[in-house]
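Per chain, numbering begins at 1; letters A, B, ... match sequence-line order.
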Protein chains: 2
Amino acid sequence: MHPALKKYLEGKIILSSQQEQLVGNCFKPLVTKRNQILLQKGNTAKYIYFVVKGCLRVFLTTEDGSESTRFLIFEGRMGTAFPSFILQQPSQAAIQTLEASHLLMLSNTDRQRLYQEVPGWETMDRKGIELDYIASIERIESFITMDAKARYDSLMQQHPQMLQRLPAKIIADYLGISKETLSRLKSKR
Amino acid sequence: MHPALKKYLEGKIILSSQQEQLVGNCFKPLVTKRNQILLQKGNTAKYIYFVVKGCLRVFLTTEDGSESTRFLIFEGRMGTAFPSFILQQPSQAAIQTLEASHLLMLSNTDRQRLYQEVPGWETMDRKGIELDYIASIERIESFITMDAKARYDSLMQQHPQMLQRLPAKIIADYLGISKETLSRLKSKR
DNA sequence: GTAATTTATTGACATTTGTCAATCTTTTTA
DNA sequence: TAAAAAGATTGACAAATGTCAATAAATTAC
């Protein structure tokens, strides 16, 4: 098993060496360049990605060519185009790497297999989904209760590394604002 | 077991009569009036609510007294102040009934008990959480990609009953807009 | 290393949305 | 049923944010 995945699982679940091997085999390594498309809009998401190194972006594209970032996934985290992956339906969103990345891919079938063959895996996974869901609830609240400036400040406080690492236009559409507005917010202290 | 709950579980899980009794006992009935507070902001959510009849509102209050609706929960659905319930931390949000309601309450400890004693319960619950999470992702997307009018039209199409049943000001803050703006959107075609 | 491309900033202006206040309507309660 | 409370609408105006265009800066690719 990849040491980064092992670290991720530490404290979340205890695996026998046999189980560890099974889990390790289910996560297939993938090394990508920057700006590589992992999932095209319209295709069905087959994998969840664990990010060992690099960064993924799940984003929407509209008819007129504009893009909106639904999620960003950094080192030590898992993610995918969740609705498509769970419902096994064509994805509204696409997935791309924002940096050269090292990934571990878990297929939907292997995911089911882990549920069945590794006691405790489903509980661990459920708890992970619960936390992701909570994060998304908090993001919804940020849209309901905060203006653009407040959302930016909040992001700056919670994920300062995001701002340094990613182009501002990605941050802007993650926040749901135009890149010009973000640029002005930054200078406006 | 309450017939509404039985109907909810139908097709999701198969229970022995003994298990059915256990589940039925875990969900405690509660009859409320309109505008009754089920959870105060600052308290920790102890229950998930299944709505047999009526409607719940999970909402945020700010210092200046304004309110924002985080979630609305109608008949045949379950919900609570999710972050507080899962993390067992003081809730940012409060819960109130918007109508006289019939509820079934599941405590956190009984929830754990069902996980342990009813095979398949956790799987069913996980799938429910996945769907709720998907719904919240779609709501995030609505904030990133749509303006107020588009969000209103979308809600009107997906949940027309909500608009008829609830005061417009509740709808407005669910959409993240002022009640005046909503009022204008409605007349504007 | 330089050209090409992408990204960021800034200004001018348009549009959307919010706020406040007044009034009208509906619903609730006594 | 009448009074009171809550909710909805509308106008006037302010504030926030978007759009378009020009330019500057940074990054990427050859």
Fill in: Heavy-atom closest pair, residues A/Ala45 and A/Ala81
CB-O, 4.0 Å
Discussion item. Of the listed nucleotides (C/dT9, C/dT7, C/dT17), which one gets closest to any side-chain atom of A/Pro167?
Written reply: C/dT7
Worksheet item: Tell me: CD1 of A/Ile144 to P of C/dT17, nearest whole Å?
Response: 16 Å
Worksheet item: Once you round it to whole Å, what is the distance between P of C/dT26 and CG of B/Leu166?
Response: 18 Å
Fill in: Atom-to-atom span, NZ of A/Lys33 to C1' of D/dA29 - whole angstrom
12 Å
Worksheet item: Rounded to whole angstrom units, what separation is found between the OH atom of A/Tyr152 and the C1' atom of D/dA16?
Response: 18 Å
Worksheet item: With respect to the side chain of B/Ala168, which nucleotide from D/dG18, C/dT17, D/dA8 is positioned closest?
Response: D/dA8
Worksheet item: If every non-hydrogen atom of A/Phe85 is compared with every non-hydrogen atom of A/Tyr47, which pair is closest and at what distance?
Response: CE1-C, 3.6 Å
Item to complete: Using the six-membered ring wherever Trp is involved, compare the ring planes of B/Tyr133 and A/Tyr133 and label them parallel, tilted or perpendicular (cut-offs 30° and 60°).
Response: tilted
Worksheet item: Separation of B/Leu98 atom CG from D/dA6 atom C1', in whole Å?
Response: 14 Å
Response to the item:
Checking C/dT19, D/dG18, D/dA8 against the side chain of A/Arg184 (C-beta onward), the nearest is D/dG18
Worksheet item: Between B/Lys169 and A/Arg34, who's closer to the 5' end of DNA chain D by nearest nucleotide?
Response: B/Lys169
Worksheet entry | d(CZ, A/Phe143; P, C/dG18) in whole Å | 15 Å
Worksheet item: From B/Gln161 CD over to B/Leu166 CG, what is the distance, rounded to the nearest 0.5 angstrom?
Response: 9.0 Å
Item to complete: Figure out the CG/C1' separation between A/Leu182 and C/dT10, and round it to whole Å.
Response: 14 Å
Practice prompt. Check the distance between D/dA8's P and B/Asp173's CG and give it to me in whole angstrom.
Written response: 11 Å
Discussion item. Mind checking if A/Ile177 touches a base, just sugar-phosphate, or nothing, with heavy atoms under 4.0 Å?
Written reply: sugar-phosphate
Worksheet, complete the sentence: Tested for side-chain contact (heavy atoms from CB on, under 4.5 Å) against A/Cys55, the lone hit among A/Glu99, A/Gln96, A/Arg34 is A/Glu99
Response to the item:
Checking D/dT17, C/dA21, C/dG18 against the side chain of B/Glu180 (C-beta onward), the nearest is C/dA21
Worksheet item: So which nucleotide from D/dT10, D/dG18, C/dT19 ends up closest to the side chain of B/Ser183?
Response: D/dT10
